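First comes the structure, then the notes that go with it.
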Amino acid sequence: MGATEPQWVLMATGRSPTNIAVIKYWGKRDEALILPVNDSISVTLDPDHLSATTTVAASPAFPSDRMWLNGKEISLSGGRFQSCLREIRKRARDVDNEKKGIKIKKEDWEKLHVHIASYNNFPTAAGLASSAAGLACLVFTLGKLMNVNEDYGELSSIARYGVWKCMPQYIWWICEMVYGKNDDGSDSMAVQLVNESHWDDLVIIIAVVSSKQKETSSTGGMRDTVETSPLLQYRA
Ligand code: ADE
């Protein structure tokens, strides 16, 4: 960047509640594309209690993509973050922010780097679906920054590159993650079954007995099951 070029920062913030599966998926039919062996059905929780809040910023002054989770820098080199960034950048559109006097052409998004800061208001990686909330929030917020068409089905199918059981959740209440049949995962996405007024007297109590990180990650546990359990096919 030349010294005379104008420097600016454009930001967007989003929040996604976590969701708890009542019918859980377990096992992936494709590890790279994160495609599950069965559908799942989840209930969205109150974002005031369990949610991820993510701010994304883009600037010509940023030399690389970087991310901080709960105040600590984490690596973005993992496939799931790279896939989400790639898929969102592909769908980015022109941005014309009159208030800040910033114009970005859709092809510029390929070259612009982002800084991402995310906070969970509940224990991370402790069995409360933090990755689901985090990845949904990341995709939703990047979509907001890059002016991506707000099609929640499509956003959920991008977030699926990061983690399966996730969707930009405000509008979802009870939703089904459809496992899909296509090898490329194009028909795997979230579908709303009923909205938040369907069961307005439902109360979910979450008692956190330990905020320690899980010893076995869901990804590792599922891989072991797929590799060793002859019973998985019957569960699916
Ligand atoms: N994994 C766990 N929490 C996360 C978050 N808030 N954003 C992205 N990935 C996460």
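Everything quoted here is computed from the prediction, not taken from an experiment. As the structure lists them, so they are numbered: ligands from 1, and atoms in each ligand from 1. Sequential numbering from 1 along the given sequence is applied to the chain's residues.
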Could you give the N/O to N/O pairs under 3.5 Å linking ligand 1 and the protein, each with its distance?
| unit_1 | atom_1 | unit_2 | atom_2 | d |
| --- | --- | --- | --- | --- |
| ligand 1 | 3 (N) | Asn120 | ND2 | 3.0 |
| ligand 1 | 6 (N) | Ser118 | OG | 2.8 |
| ligand 1 | 6 (N) | Asn120 | OD1 | 2.8 |

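No side-chain heavy atom of Asn147 sits less than 4.5 Å from a side-chain heavy atom of Trp109.
Heavy atoms of other residues, nucleotides or ligands lying less than 6.0 angstrom from CD of Glu215 number 12 at most. Within a 6.0 Å sphere centred on NZ of Lys100, other residues, nucleotides and ligands contribute more than 12 heavy atoms.
Between the side chains of Thr219 and Ser217, no donor-acceptor pair of N or O atoms lies under 3.5 Å.
Classified by interplanar angle (parallel below 30°, tilted 30° to 60°, perpendicular above 60°), the ring pair Trp68/His115 is perpendicular.
Applying the salt bridge (charged side-chain N to carboxylate O under 4.0 Å, His left out) definition to pairs two or more places apart or across chains, none involves residues 134-145.
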